[in-house]
Each structure stands twice: as structure tokens, then as C-alpha cells.
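Down below is the structure, laid out as C-alpha cells.
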Amino acid sequence: MNHNFNFNNPYTSTRIPLFARNVVSTSHPLGAQAGLRMMLKGGNAVDAAIASAAAMTLLEPVSNGLGSDAFCILWDGKALHGLNAAGCAPQSWTPDYFARKYGSDQQTPPKRGIDSVTVPGAVSGWLALSERFGKLPFADLMEPAIDLAERGYLVPPVVQMKWAAARAELQAQPGFAETFLPWGRAPDVGELFRFKAAARALRAIAETRGAAFYGGEIAHAIEKFSTQNGGSITARDFEKFRPEWVTPISNDYRGYTLHEIPPSGQGIAALIALGILDRFDMASLSVDGADSQHLQIEAMKLAFADTYRHVAESSCMEVTAAQMLDDNYLATRAKLIDMKKAQDFGAGNPPKGGTIYLTAADENGMMVSFIQSNYMGFGSGCVEPDFGISLQNRGYGFSLQPGPNQVAPGKRPFHTIIPAFLTKDGQPVMSYGVMGANMQPQGHVQTLVRMLDYQQSPQSACDAPRWRFNAGVELNVESAMNPHTVEQLSARGHRLAVINDSYQDFGAAQLIWRAGDPKVEGYLAASDARRDGQAVGF
């Protein structure tokens with residue numbers, strides 16, 4: 001679908017756009033190639049995405065692992081589907097459970113350790129996608145990951161930097177040092193890292209189609225590990241868990257429609273922000289100028305104010321997603337923006353009634369937007385030793401105080417990871433995502449505005465300098481941002497910190513844009529230089 005992109009990239013970049021009929025884009029080249037191997041073997045984009053996701057649990061353990069959660073939006077060639085593979089709280093988790101262990105004034109479960117661990121959903125997501133849409137045998141999809149775990153791989157620069165930085169905080173967590181600090185330290189750049197325990201897990205998952213993980217020997221090993229370390233998650237918690245097929249929520253922008261996974265994820269924040277920005281003539285403003293950036297920042301702040309107040313697992317919310325996206329309501333929110341002043345917005349009253357992202361597309365028209373995460377870098381820090389299950393810390397996303405997001409048995413926490421998908425007139429246009437905690441909806445908005453309002457190509461939209469809203473009127477901006485723009489934003493009251501660490505603060509995008517008939521024109525793909533990744537294809 002031609003959007004008349006300008007391919008003169010005005011930003012410093014180490015990447016060039018990729019044009020191909022079959023494409024995989026991930027934050028590690030070997031992860032992308034794992035998916036491509038499945039396509040060359042006769043598999044489709046879903047097979048490729050699953051193989052890449054499994055490989056990425058080895059290649060970028062800072063960001064994800066076999067103990068992660070996952071979400072997916074995919075176009076099967078005819079329709080859009082959403083998958084929520086976010087895990088649930090153990091049956092033992094109640095506010096009283098945490099009050100007894102940590103005191104009644106605790107606001108959230110612990111940030112790290114065994115009591116931050118919810119049931120991992122990612123493996124269940126792989127299985128659900130394979131069963132419904134895959135072509136190849138599921139066991140085949142695990143082969144590249146098993147090979148990487150057994151033979152090892154040489155650690156790349158960006159991952160190594162984050163790996164080494166995690167040592168101080170996590171080295172005392174059970175299983176962490178034994179697994180991720182071989183020789184008493186993180187691997188150096190270009191040093192071989194093997195993960196034999198994870199190879200055992202992947203073989204068991206492949207041979208049993210996941211039964212070993214959800215109630216079988218892996219689940220029992222995790223229960224034993226949890227009990228030994230004071231936790232309460234059980235094999236029964238794993239056995240009871242099921243991923244959920246969902247209908248994506250959406251909002252229109254400039255004649256296109258952006259689709260996100262519904263709550264308890266934060267994708268609705270991107271939809272709210274775009275619904276606000278749709279009321280302004282963005283194209284009349286300079287793409288990297290202060291007016292354009294200020295408008296996007298203020299819209300994002302309004303969106304987060306409502307998201308943080310109202311979003312939880314859908315059944316526990318006081319308002320619906322549709323009410324939060326009500327057109328008249330968003331119009332009233334847009335009117336709160338002052339072009340000359342940064343503001344600290346509160347939530348409105350809607351009318352009542354360390355993540356990896358990858359994307360794959362094939363010549364038959366299937367497009368997959370997939371995201372997988374252990375939440376914060378290395379998740380809980382806890383690693384079950386026999387099977388190398390690096391467990392997430394999604395429990396930290398719960399509140400222990402009364403409200404929509406209060407912890408409860410079997411409940412999903414507020415979630416940060418969000419895949420995105422763009423359509424036009426009901427037809428697929430782009431599968432994309434931006435990794436990085438609350439940077440994700442901000443990245444969705446910033447890249448999409450650049451492409452749709454300013455005709456910047458997907459790779460330019462990747463490479464352009466970004467900002468990241470934190471709280472109040474506080475922002476981080478990349479050091480590459482125009483100094484005059486930074487100065488003007490500061491004059492409007494934005495409290496700015498100029499940051500050089502792009503991995504940590506500004507996320508990383510992977511994008512596949514449908515150029516036309518997949519069998520003829522194929523796709524245009526981009527991969528963010530803020531990570532070690534690559535888009536590959538044939």
C-alpha cells in the first residue's frame with residue numbers, strides 16, 4: 001500500500017530499509033534468521049514468528065525468557081485476530097498474602113524475587129498460534145532455539161551492556177548468578193554463552209506440545225523452586241492457565257485505523273493520544289519542531305492520565321475501553337492542551353456506560369505483530385535451574401490497595417507490552433511495535449505521526465530522535481534531538497533530561513509495511529538501530 005514515503009533519511013542511521021516478499025524483523029539478527037529458516041522450510045509468518053520468539057528467549061535474555069508473557073495481533077489473510085497470552089496471579093495471591101509477608105502499608109508486590117512471579121504465558125501463546133494458524137509441526141519451530149541453547153552464541157554489544165548492568169541488583173536472586181553470570185560476571189561482547197538447561201526445557205516443550213510446561217515436569221520443577229525460595233506459585237497454577245483470543249480495540253487516524261490489544265494492556269493509551277492529535281493539523285507543523293513535539297507530548301500525558309487511572313483486567317474496570325475512546329470525550333480532552341505551556345494532567349471522567357518485539361509477514365499476505373517480555377530486565381531475577389526458566393516479575397504490576405488493579409487470585413495485572421497493527425479500509429497496512437515499558441504507546445504514537453503526517457519512511461521513523469514522558473512535566477529526550485527544539489520545550493515548562501542511553505529510555509521499533517500485493521511488491525521492513533536487530537527476507 002503506497003504511502004508516498006520520502007526515503008531521504010534525515011537522521012543518522014546504521015540501517016537501510018529492506019524490501020522483500022517474506023520478511024522477519026527482530027532485535028537480534030539470529031532471531032530474525034530463525035524465523036526466516038521456517039519460511040524457507042515451507043512455513044508461514046506465524047511459524048516464523050514463533051521460531052523467532054523462541055530463539056529470542058536465548059539471544060536477548062535481558063528482555064525475555066521462557067518465563068515471559070506475550071501478546072499478538074495477526075492478519076490471517078482475511079481478518080484480524082488478537083491473542084492475550086499474559087499470565088495470571090497464583091491462586092494464593094491476595095492482599096492479605098502480601099500484607100502478612102511485607103506489611104499492610106505495601107503499595108505493590110515486590111519488584112524482584114519469587115513473590116513478583118506470575119504464571120508465564122508466552123509458551124502458551126506460541127502453542128495457541130501454532131495450533132490455529134501454523135503450517136509446520138510445532139517441534140520444528142523449536143529447532144533453532146534448541147541449537148542456540150546447546151551450541152551457544154556470541155553475545156552482541158547492546159545486550160551485553162544491559163546484561164552487565166543487571167549484575168549488582170540481581171546477583172543474589174536464586175538461580176541468577178549460576179545462569180547468567182558464568183565465571184562470576186556477565187559474558188563479554190563476542191564471548192560464547194551457552195544455556196544447556198534451557199535446551200532441556202525447549203526439548204520438553206517441543207516433545208509434549210507444551211504439556212511439560214503447563215502442569216508437567218517443568219511446572220513441578222518451578223513449584224519446587226518457588227517453595228524452596230519462599231514463594232507460593234504451584235504446578236496447578238500453570239495447569240489451569242489458558243491464553244485468550246481477543247478482539248483488538250481500535251481508533252482512526254488520518255484515514256488509517258490503529259489496532260491494539262484491549263486492557264489490561266496499555267495499548268489504549270496510544271489510541272487515546274492519536275484520537276486527541278487527530279483534532280490538530282500536525283502536517284502544518286515542522287516535523288522536528290517544538291510545536292509538533294509539544295502537542296504529541298501533551299496528548300500522550302492526557303492518555304496516560306486516563307490509562308493509569310482506569311485500565312486493569314477488563315472485567316474489573318469501572319469504565320469500558322469504548323467509553324475511554326468516546327469521540328466527544330476525546331474532543332473535550334484535546335481542548336485542555338495549551339500550546340504555550342506544559343501541564344500535569346489528571347485523569348478525566350469518561351462517559352459511563354529489559355521486552356522484545358518482532359514482526360513477520362509472508363507472500364501469502366499473513367502478517368504477525370508479536371511481543372514478548374519478562375517485564376523489567378531479567379524479570380524477577382529468579383531462574384529455575386533444571387530447565388533454565390527465567391521468571392518474569394509481572395506481579396509488580398498489581399496494586400495491593402483497593403481499586404481496579406488490586407491483586408486477586410487468577411487475575412491478570414496491568415500490562416505494558418503491546419503489539420500494534422495498522423489497517424486502511426479494512427485491509428492490512430503495517431504490523432509494528434516499539435519495545436520498552438511505558439515507552440511503548442509513546443513510540444507507537446511518535447513513529448505513526450512521522451509516517452502518516454510527515455510521510456517519513458518506516459526506517460526514518462525508527463531513526464528519528466524520540467522523547468519519553470515520565471511523570472508530571474518530566475521528560476527524557478534523546479541527545480540527537482534538535483537543540484533549538486529542546487530549548488523551546490524547556491521554555492514551555494517541560495522539565496527535560498537529555499539522555500544518551502537510547503536502549504534504556506527510548507525503546508526500539510520493528511516495522512513491516514505492506515507495499516502492495518505480497519506476491520508482487522511484497523513488504524518494506526525496518527529495524528531499530530537502538531538494539532542489535534535486523535530485518536531479513538527473501
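By convention here, the first residue in the shown sequence is residue 1. What's counted below: heavy atoms across the whole structure, side chains too, no hydrogens, waters or symmetry copies.
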State whether the number of non-hydrogen atoms from other residues, nucleotides or ligands found under 6.0 Å of Glu131 atom CD is greater than 12.
-> no

Here the gap from Phe370 atom CZ to Leu74 atom CG, rounded to the nearest 0.5 Å, amounts to 11.0 Å

Closest heavy-atom contact between Ala270 and Leu258?
-> CB-CD2, 4.3 Å

What closest approach, in Å, do Ala525 and Ile512 show between heavy atoms, and which atom pair accounts for it?
-> CB-CG1, 4.1 Å

So CG of Leu391 and CD1 of Ile233: to nearest 0.5 Å the spacing works out to 7.5 Å

Pairing of Asp291 and Arg492 as salt bridge, 4.0 angstrom limit = yes

Hey, can you tell me if Tyr214 and Phe238 have their rings parallel, tilted or perpendicular (30° and 60° cut-offs)?
-> tilted

Check: Lys424 side chain, Val429 main-chain N or O, donor-acceptor pair, under 3.5 Å | no

By salt bridge (charged side-chain N to carboxylate O under 4.0 Å, His left out) - contacts of Lys101 (at least two apart) | Asp115

Working to the nearest 0.5 Å, report the span between OG1 of Thr320 and CD1 of Ile249.
-> 10.0 Å

Decide yes or no on side chain to side chain donor-acceptor pair (under 3.5 Å) for Ser460 and Tyr454, but give the supporting numbers first.
-> CA-CA 11 Å; Ser460 297; Tyr454 299 106; over 6 Å; no

Does a donor on one side chain sit under 3.5 Å from an acceptor on the other, for Ser232 and Tyr97?
-> yes

Value rounded to 0.5 Å, distance of CZ in Phe71 from OG1 in Thr416 | 8.5 Å

Would you please test Phe304 and Gln442 for side-chain contact (heavy atoms from CB on, under 4.5 Å) and show each step?
-> CA-CA 10 Å; Phe304 274 133; Gln442 303 187 59; 3.5 Å; yes

Are a donor atom and an acceptor atom from the side chains of Asn64 and Glu60 found within less than 3.5 Å of each other?
-> no

If you measure from CG on Leu302 to CD1 on Ile337, what distance do you get to the nearest 0.5 Å?
-> 5.5 Å

Are side-chain N/O atoms of Gln427 and Thr423 paired as donor and acceptor at under 3.5 Å?
-> no

Would you please indicate yes or no on a ring centroid separation below 6.0 angstrom for His415 and Tyr375?
-> no

Taking the side chain from Asn482 and the backbone from Thr485, do they hold a donor-acceptor pair closer than 3.5 Å?
-> yes

Is Glu521 paired with Arg514 through a side-chain N to carboxylate O contact shorter than 4.0 Å?
-> no

Gln459 side chain to Ala526 main-chain N or O, any donor-acceptor pair under 3.5 Å?
-> no

For the student: nearest non-hydrogen atoms of Gln440 and Met435, plus distance = CG-C, 3.7 Å

Pick one: which of Ser431, Ser52, Ser369 meets side chain to side chain donor-acceptor pair (under 3.5 Å) with Thr359?
-> Ser431

Is it the case that Thr307 and Gln266 place a side-chain donor and acceptor less than 3.5 Å from each other?
-> no

Between the side chain of Arg466 and the main-chain N/O of Cys462, is any donor-acceptor distance below 3.5 Å?
-> yes

Can you list every ring-ring contact (aromatic ring centres under 6.0 Å, His included) pair that touches residues 270-289, not counting sequence neighbours?
-> none

Asn476 side chain to Asn470 side chain, donor-acceptor N/O pair below 3.5 angstrom | yes

Please answer whether the main-chain N or O of Gly365 pairs with a side-chain N or O of Asp362 as donor and acceptor at a distance below 3.5 Å.
-> yes

Indicate whether the side chain of Asn405 and that of Ser399 have a donor and an acceptor atom separated by less than 3.5 Å.
-> no

So, the side chain of Gln106 versus the backbone of Thr108: is there a donor-acceptor pair under 3.5 Å, distance only?
-> yes

Start with the C-alpha distance between Trp513 and Tyr432, add both sets of side-chain angles, then the distance that settles ring pair (Phe, Tyr, Trp, His ring centres under 6.0 Å), and finish with yes or no.
-> CA-CA 8 Å; Trp513 184 281; Tyr432 82 117; 9.2 Å; no

Is the side chain of Ser490 donor-acceptor paired with the backbone N or O of Val486 at a distance under 3.5 Å, no angle test?
-> no

What residues form a side chain to side chain contact (heavy atoms under 4.5 Å, CB included) with Ala461, not counting sequence neighbours?
-> Thr447, Arg450, Met451

Identify, with sequence neighbours excluded, every residue that meets salt bridge (charged side-chain N to carboxylate O under 4.0 Å, His left out) alongside Asp278.
-> Arg254

Electrostatic pair Asp327:Arg279 at N-O distance under 4.0 angstrom = yes

Does a donor on one side chain and an acceptor on the other come within less than 3.5 Å for Asn374 and Arg394?
-> no

Taking atom types as modelled and ignoring hydrogens, do the side chains of His444 and Glu260 form a donor-acceptor contact shorter than 3.5 angstrom?
-> yes

Distance flag, aromatic centroids of Trp467 and Phe506, threshold under 6.0 Å = no

Is the shortest side-chain N to carboxylate O distance from Glu474 to Arg495 below 4.0 Å?
-> yes

Donor on one side chain, acceptor on other, Tyr357 and Ser25, under 3.5 Å | no

Electrostatic pair Asp338:Lys340 at N-O distance under 4.0 angstrom | no

May I have the step-by-step check of salt bridge (charged side-chain N to carboxylate O under 4.0 Å, His left out) for Asp306 and Arg333, ending in yes or no?
-> CA-CA 10 Å; Asp306 279 355; Arg333 297 293 274 169; 3.4 Å; yes

Salt bridge (charged side-chain N to carboxylate O under 4.0 Å, His left out) pairs, two or more places apart, involving residues 395-419 | Glu244-Arg412, Glu313-Arg412

Residues that Asp326 engages under salt bridge (charged side-chain N to carboxylate O under 4.0 Å, His left out), provided they are two or more places apart = none

Closest approach of Leu325 to Leu330 (non-hydrogen atoms, all atoms of both residues) | O-CD1, 3.8 Å

Given the side-chain rings of Trp126 and Phe133, with only the six-membered ring counted for Trp, is the space between their centroids under 6.0 Å?
-> no

Residues, nucleotides or ligands: over 12 heavy atoms within 6.0 Å of Arg132 CZ | yes

Tell me yes or no: between the side chains of Gln392 and Thr118, is some donor less than 3.5 Å from an acceptor?
-> yes

SB check Asp505 Arg530 (cutoff 4.0 Å) = no

Indicate yes or no for a side-chain donor-acceptor contact from Ser124 to the backbone of Gly121 under 3.5 Å, with no hydrogens or angles considered.
-> yes

Between Ile261 and Ile418, is a side-chain contact (heavy atoms from CB on, under 4.5 Å) present by the stated rule, with each step listed?
-> CA-CA 7 Å; Ile261 293 288; Ile418 50 172; 5.6 Å; no

What are the two closest non-hydrogen atoms of Thr26 and Ala32, and how far apart are they?
-> OG1-N, 3.2 Å

Any sub-3.5 Å donor-acceptor pair from Ser264's side-chain atoms to Pro413's backbone N or O?
-> yes

Taking Asn393 for the side chain and Arg112 for the main chain, is one N or O donor matched with an acceptor at less than 3.5 Å?
-> no

Going by distance alone, is a donor N or O of one side chain under 3.5 Å from an acceptor N or O of the other, for Ser373 and Thr355?
-> yes

